[in-house]
Protein chains: 2
Amino acid sequence: MQDHDNLTENDCKMTVRIKDVARAAGVSVATVSRALGDGPVSDELRKKVEAAVAATGYLPNLSARRLRSQHSHTIGLIVSDIRNPFFTAVSRAVEDAAYAVGMRVILCNTDENPQKEAMYLRLMQEERVTGVIFAPTRATAQKLDPQQLGFPVVLIDRAAPPGHADAVVLDNAEAASLLVEHLLAQGYRRIGGLFGNTSTTGAERHAGVVAAMQRHGLQAEARFIAPTPEAAEQAVRDWLREPAQPEALIASNGLVLLGMLRGARAAGVSIPAQLALAGFDNDNWTELAGPGLTVIEQPVYDIGRTAMKMLLERLEDPARSARKVVLSGRLIARGSTAHNLAADAGPDGAGR
Amino acid sequence: MQDHDNLTENDCKMTVRIKDVARAAGVSVATVSRALGDGPVSDELRKKVEAAVAATGYLPNLSARRLRSQHSHTIGLIVSDIRNPFFTAVSRAVEDAAYAVGMRVILCNTDENPQKEAMYLRLMQEERVTGVIFAPTRATAQKLDPQQLGFPVVLIDRAAPPGHADAVVLDNAEAASLLVEHLLAQGYRRIGGLFGNTSTTGAERHAGVVAAMQRHGLQAEARFIAPTPEAAEQAVRDWLREPAQPEALIASNGLVLLGMLRGARAAGVSIPAQLALAGFDNDNWTELAGPGLTVIEQPVYDIGRTAMKMLLERLEDPARSARKVVLSGRLIARGSTAHNLAADAGPDGAGR
DNA sequence: AGGTGTTGTGTAATCGATTTCAATGCCATC
DNA sequence: GATGGCATTGAAATCGATTACACAACACCT
């Protein structure tokens, strides 16, 4: 009398397949598939199918679906380090936008390592992803050929040679110029900078600083480092031990700025009285550290959202020529660059 | 004369299947599959297959592989917000550990929203993930039944009722006690706290504070808020406008601590002269903000790594009873709780 | 010699869905 | 009443891999 088939007992340990739903609903598997998707199915059968799905606890197998339909509904997001608040913010924007159009996101960290980049790009191919949003190192950006990859790529934060790939980046020259002009207006002249040595972004921001300084007949001393707080801290400690001291330092991103501040603290210099600090990325903490740090705020959420939008547009029209969207940064002046009229301030300048 | 089959032309637009590799190597598809995996294949044929793979540019289709093998080699990581540095650090640890054993990670943000949690758990089932690492809200933690889900779950940061699921958490009572004892030793008596209202963690840290205070015959005033900087800032601004003012405030996580500091700044109170601040999570910036913030440092990387290890152990032995690993936090005392002997210090206390 | 493993290989079944294709029923039209 | 078109439906092919099974070749024992 008891049924020995895997029928009604709703949460048995066996996984329930579309075939089981079809049997429970008294229809064919094709009808179930169509009812779950958007195929033409009569209201009557659709209701039956929905009831059967609920009764059996059916959950589609995405691997099977992807294999047959040849659509992964997945995009890859390859960044250098998710611990950098810039990338966490961008990734939230990308994820929100992706899930809104029914796509999943695979997130990968490369640690600025070209080998890891190659590995993850290969993984993306094996996953047959719909597209990829990618912040490449300089080395990879140069030899990247999106045609070869089999899926569209949108670069973020860092651009490739023009015409190669879609990209959404900051206007680094303009932003660097904003920082330099601000520092000059505050009376600083001997301006130095610490720039990441792995990306085009570090190079572009450096170029922007040099160009802005040149317009005033000045020179900037630049040093190139691994874009980590640790490297930046060490570089600043070394720098401040040398005879010729800068009046102001510019950091090419938020992590470098963090290390810079640590280095300055360790060296015992007070900010801004003895040394001004400024940099990129309006990370949460920059407002609260010391006298507040002067930064360029990037439209982080916009960058992620725009990248996703460009990816979708590219999917619609694979033939269109590559576009580069350039967004503007905003200068947020704070206490770390407050004045260079040394000795007119209180003993520390940390008040406010 | 020219071959019209999809043979040699190595990067043709058609995707190359295992069948093509087999033909190119002059062997069966089974042999190719075995050569790529770990099956028994003679050295001679293995070499031929490798050559054919290189020549054709073959890339396995992971969907097909997963469908047939019934192994997704994927784990889900469900956190409340990747913008919280605690979770970014944990996620890096999880990813590193996962990729080291050949597993991929799907990362999801729930925004402390039970509906999103349910949605992502369902997604995990559809993906047929190997397992999940999950930081649930209190609501979900209580009704969660890992048996029902079809894959093992390891909870992080927040535990479920005992025996329900594996978990790796901080010793919240101990950590809260460390904070309270430190504040008392510094001379603070009227201690308040802001705790997240969505997780068991907020509740446990609150309970720990209350217990520690009681041991000294004191009471703590607690307020419960959404665990975001915005909510914390507003709560502190409101609090500081009331007649009865606290001497010290404790924040139940890094984001709340951030908002707390903003609120205190906005209210114009100086730290620690007028108000001491302390909290959880040794986020990068806490060392650099104001006089430095006293915090409990969590072993973030360890938490992620341990969670992954427990997940793997659970996969090996699904029958073992649930374990809860409790890790200890470390007190890092900084200037934000420096003294309560008001007026004996300099005008600001920000020096050091 | 004759059985018994062992190793390496190919054929074909299989994973669980989507999609093609043919068939059906119904209605409007000539 | 025959015909054509349209909307639904089911049977079977298909996606691209892994793996069960059969089998051949060869070594190793009594």
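Small disclaimer: the values here were computed from a predicted structure and weren't measured. In what follows, chains are A, B, ... by sequence order, proteins preceding strands, each numbered from 1.
By the side-chain hydrogen bond (donor to acceptor under 3.5 Å, both in side chains) test, B:Gln70 is found to be paired with no residue, residues two or more places apart in sequence or in another chain being considered. The salt bridge (charged side-chain N to carboxylate O under 4.0 Å, His left out) check on A:Arg34 picks up nothing, with sequence neighbours excluded.
Contact check on B:Asp302 versus B:Arg305 returns a salt bridge, with a Lys/Arg side-chain nitrogen under 4.0 Å from an Asp/Glu carboxylate oxygen. A salt bridge links A:Arg104 to B:Glu127: one of the charged nitrogens lies within less than 4.0 Å of a carboxylate oxygen. Under the 4.0 Å criterion applied to side-chain N and carboxylate O atoms, A:Asp81 and B:Arg92 are assigned as salt-bridge partners. Ion pair B:Arg65/A:Glu126 not flagged as a salt bridge, since none of the NZ, NE, NH1 or NH2 atoms sits closer than 4.0 Å to an Asp/Glu carboxylate oxygen.
For the pair A:Gln70 and C:dT19, the criterion of a side-chain N or O lying under 4.0 Å from OP1 or OP2 is not met. For D:dT18, one of the phosphate oxygens OP1 or OP2 lies less than 4.0 angstrom from a side-chain nitrogen or oxygen of B:Ser33.
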Evaluate the criterion side-chain contact (heavy atoms from CB on, under 4.5 Å) for residue pair A:His73 and A:Leu62; output intermediate values, then yes/no. CA-CA 10 Å; A:His73 290 291; A:Leu62 292 186; over 6 Å; no
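The distance between atom CD of B:Glu126 and atom P of C:dG16, rounded to the nearest whole Å, is 15 Å. As rounded to whole Å, 14 Å separates atom P of C:dT7 from atom CG of B:Asp43. Taking atom NE2 on B:His71 and atom C1' on D:dT19, their separation rounds to 13 Å, with Å as the unit.
Judged as a ring-ring contact (aromatic ring centres under 6.0 Å, His included), not a single pair has a partner in residues 26-47 of chain B (not counting sequence neighbours).
Across residues 58-65 of chain B, B:Tyr58, B:Leu59, B:Pro60, B:Asn61, B:Ala64, B:Arg65 each have a non-hydrogen atom less than 4.0 Å from an atom of DNA chain D (numbered order).
Remark: the backbone N or O of A:Gln125 is paired with a side-chain donor or acceptor of A:Arg128 at under 3.5 angstrom.
Across B:Asn109, B:Thr110, B:Asp111, B:Thr140, a single residue satisfies side-chain hydrogen bond (donor to acceptor under 3.5 Å, both in side chains) together with B:Lys116, and that is B:Asp111.
Where the helix from C:dA1-D:dT30 to C:dC30-D:dG1 starts and where it ends, the local axes point in directions that differ by 50°; five pairs per end, rounded to 10°.
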Listed pairs, N/O of protein and of nucleotides 9-14 of chain D, under 3.5 Å:
from, atom 1, to, atom 2, distance (Å)
D:dT9, OP1, A:Ser42, OG, 2.8
D:dT9, OP2, A:Ser42, N, 2.8
D:dT9, OP2, A:Ser42, OG, 3.4
D:dG10, OP2, A:Ser28, N, 3.1
D:dG10, OP2, A:Ser28, OG, 3.0
D:dG10, OP2, A:Thr31, OG1, 2.4
D:dG10, N7, A:Arg34, NH2, 2.8
D:dG10, O6, A:Arg34, NH1, 3.4
D:dG10, O6, A:Arg34, NH2, 3.4
D:dT14, O2, A:Arg68, NH1, 2.5

